[in-house]
*Asks:* 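Pasting in a structure now, in structure tokens, and then I'll have a few things to ask.
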Amino acid sequence: MKHLFNSLVRIIVSAPRTIALFLTGAAAFIACSAWAAPAPIILTGADRRPALSLDGDWAPIVDPYFAGIRNNGFYLNRKAQQGDPFPTEYDFSKAPKLKVPGDWNTQRESLFFYEGPVWYERDFTYQPKEHTRVFLHVGAANYKSWFWVNGQKVCEHEGGFTSFNCEVTAAIHAGGNFIVAAVDNTRREDNVPTLQTDWWNYGGLTRSVSLIEVPETFIDQYDVHLSRAPETKLAPHGNDFGLIGSLYLEHIEGWIHVVGGKIGDKVKVEIPELNSDGSGVLDADGRAKFLLVASNLQRWSPETPKLYKVIISAGQDSIEEEIGFRTVETRGTEILLNGQPIFLRGISIHAEAPYRTGRANTDKDAETLLGWAKDLGCNFVRLAHYPHDESMLRAADRMGLLVWSENPVYWALQFDNPKVLAKAEQQLDEEIGTSRNHAAIILWSMANETPNNEARTRFIEAEAAHARELDPTRLITAALLVRGEGNTKIIDDPLGKSLDVIGFNEYIGWYEGHPESADTTQWRVEYQKPLIVSEFGGGAKAGLHGGGNERWTEEFQANIYRHQLGMLNRIPQLRGMSPWILMDFRSPNRTLTGIQDEFNRKGLISDQGEKKQAFFVLRKAYQEKTVGKPE
Ligand code: GCB
């Protein structure tokens with residue numbers, strides 16, 4: 001406002017040309033707020049498409065007052081152009097570069113605590129092909145982002161942990177092109193997540209960026225999964241499918257959605273190794289269902305993480321996937337994987353990069369983190385507190401780790417604000433739409449530690465219903481808070497009614513009592529459903545030693561784990577655990593100098609890869625299977 005006032009004063013005292021320029025600038029600003037570019041689209045298996053990588057050096061302008069949008073009719077060009085509305089003073093080419101993918105906080109000391117807008121620019125050459133559409137694929141941009149190609153707005157997006165795709169076909173041309181992006185990680189009350197979290201608000205183009213080419217009519221989303229229906233044993237003399245023999249037949253089913261397809265167009269799914277294929281035809285919504293019969297399928301499990309090549313095609317378009325097939329369901333208080341009860345020996349993981357810190361985003365980060373989880377004896381990981389990078393999910397599929405994937409509905413959002421619900425649902429659309437074909441994912445988590453009140457319950461019930469509609473094949477969970485009465489811990493949050501599996505967090509021995517307090521704690525659980533203790537733990541600085549009752553020592557943390565494991569074994573419907581947390585991670589809340597230094601130190605491993613004593617306590621329990629009900 002103040003700026004507008006100053007501008008008006010300047011206009012009144014200056015020449016008519018300035019008035020014209022001011023109006024152009026103001027119109028451009030209004031246009032920016034009012035003109036919505038087409039919404040980005042969701043692509044399943046975007047990483048399986050031919051792509052031109054735009055990773056590498058991008059030129060940034062740090063713009064704390066967002067002057068690039070307000071004053072100058074945007075930083076749309078590589079540098080200020082003649083005729084720009086106000087005398088402009090920017091030139092991307094002069095800026096020292098930032099790496100993409102990457103958060104800006106760990107790349108430049110002055111940006112360590114920075115929250116606000118940063119502009120990015122990148123040049124590239126391109127040769128358009130006929131009958132091809134081109135999408136700018138953004139792995140993640142935290143939190144809000146806007147994109148222009150050759151000065152033309154191509155999209156904007158909200159949400160910092162999911163991928164999205166902006167069509168650039170009409171904006172791109174043969175030869176030299178450039179992209180300008182603005183990314184703003186300002187925390188706001190009506191964001192998802194909201195103002196308070198316990199992790200670093202890493203800003204920027206934190207995951208890979210590329211250009212993806214697809215035919216004019218193309219597959220955007222698909223779902224290929226094993227049917228939960230029991231397998232069919234064939235009669236020895238023939239059957240509906242014309243096969244003879246005593247084979248086990250299983251059904252692989254799903255759907256394919258085609259953009260630009262016509263009713264009746266055919267789609268096809270093939271699994272060459274199983275000698276199996278199936279087809280379907282598009283309905284009025286561009287979706288085709290299919291069913292495949294597979295014999296002698298080897299099911300995916302943590303012990304045998306078998307992935308099959310699956311070819312999905314529609315008209316000119318085709319994608320080659322790697323998909324595992326398994327079922328997951330609950331029966332009473334059991335979790336059944338492939339029909340058999342399973343205990344989830346897990347660990348929670350943040351997307352914090354091992355050794356270098358910052359946002360994890362490479363195959364190597366994923367392999368290191370999940371490699372440590374395997375070494376710990378895990379068959380399960382809770383990917384907290386937001387959807388992780390595709391490379392984590394691909395690695396989990398390959399390495400045989402079951403996954404809890406989480407929507408960033410964390411602590412106290414504006415639960416009574418319908419716009420906030422819409423944002424949470426949009427992030428679910430993107431999370432589920434992009435990752436629904438990972439055999440590893442068994443649980444969609446709706447939220448973490450939310451206050452028990454009616455608005456919250458309504459909000460998460462709506463979210464859960466939305467998730468079930470998007471994906472009826474997986475289990476819905478959330479990490480709940482527990483309440484205490486004397487020595488008894490009670491799980492009776494009404495939200496439990498709308499969950500398939502109940503997660504709960506507790507910090508006995510750290511935020512309350514002593515490690516030994518766990519020995520006398522009783523549990524009352526109001527739900528006959530499977531339970532997962534989604535967090536417990538305590539802080540320790542790697543290399544700091546002392547007695548079992550000295551806080552911050554490795555011994556103290558190990559002591560918490562010993563007593564917790566004993567206590568948890570006394571909860572009859574416990575079906576899994578994901579203690580907090582695999583590796584130390586940055587959090588601005590953790591200010592204890594010399595110990596925390598802006599790291600949450602509850603990791604079993606330090607950010608530099610040092611394993612603490614508690615790692616070995618948990619590993620022993622997992623390896624010897626002294627936790628959980630025998631499977
Ligand atoms: C919690 C939160 C987690 C925190 C953790 C802690 O309950 O869910 O995000 O980091 O506690 O360390 O306090």
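We count ligands from 1, going down the list as the structure has it; atoms in each ligand are counted the same way.
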*Asks:* Quick one: list whatever passes salt bridge (charged side-chain N to carboxylate O under 4.0 Å, His left out) with Asp55, sequence neighbours left out.
*Replies:* none

*Asks:* With a 6.0 Å cut-off on the ring centroids, do Trp300 and His438 count as close?
*Replies:* no

*Asks:* Could you go through residues 366-376 and list every donor-acceptor pair under 3.5 Å that involves a side-chain atom there, pairing it with any protein atom two or more places apart or in another chain?
*Replies:*
from	atom 1	to	atom 2	distance (Å)
Glu367	OE2	Arg398	NH2	2.8
Thr368	OG1	Lys364	O	2.9
Lys374	NZ	Met399	O	2.7
Asp375	OD1	Arg619	NH1	2.7
Asp375	OD2	Lys611	NZ	3.0

*Asks:* Which residue pairs pass the side-chain hydrogen bond (donor to acceptor under 3.5 Å, both in side chains) test with at least one member in residues 415-425, sequence neighbours excluded?
*Replies:* Glu158-Lys423, Gln414-Asn417

*Asks:* In order of chain and number, which residues sit within 4.0 Å of ligand 1 by heavy atom?
*Replies:* Asp198, His385, Tyr410, Asn448, Glu449, Asn505, Tyr507, Tyr511, Glu535, Trp580, Phe585, Arg590, Asn600, Lys602

*Asks:* Any idea which heavy atoms bring Pro530 and Arg575 closest together, and the distance?
*Replies:*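 Looking at all heavy atoms of both residues, the shortest contact is CB-CG, 3.7 Å.
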
*Asks:* Are Phe599 and Trp200 close enough that their ring centres sit under 6.0 Å apart?
*Replies:*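 Here the rings of Trp200 and Phe599 have centres that are no less than 6.0 Å from each other.
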
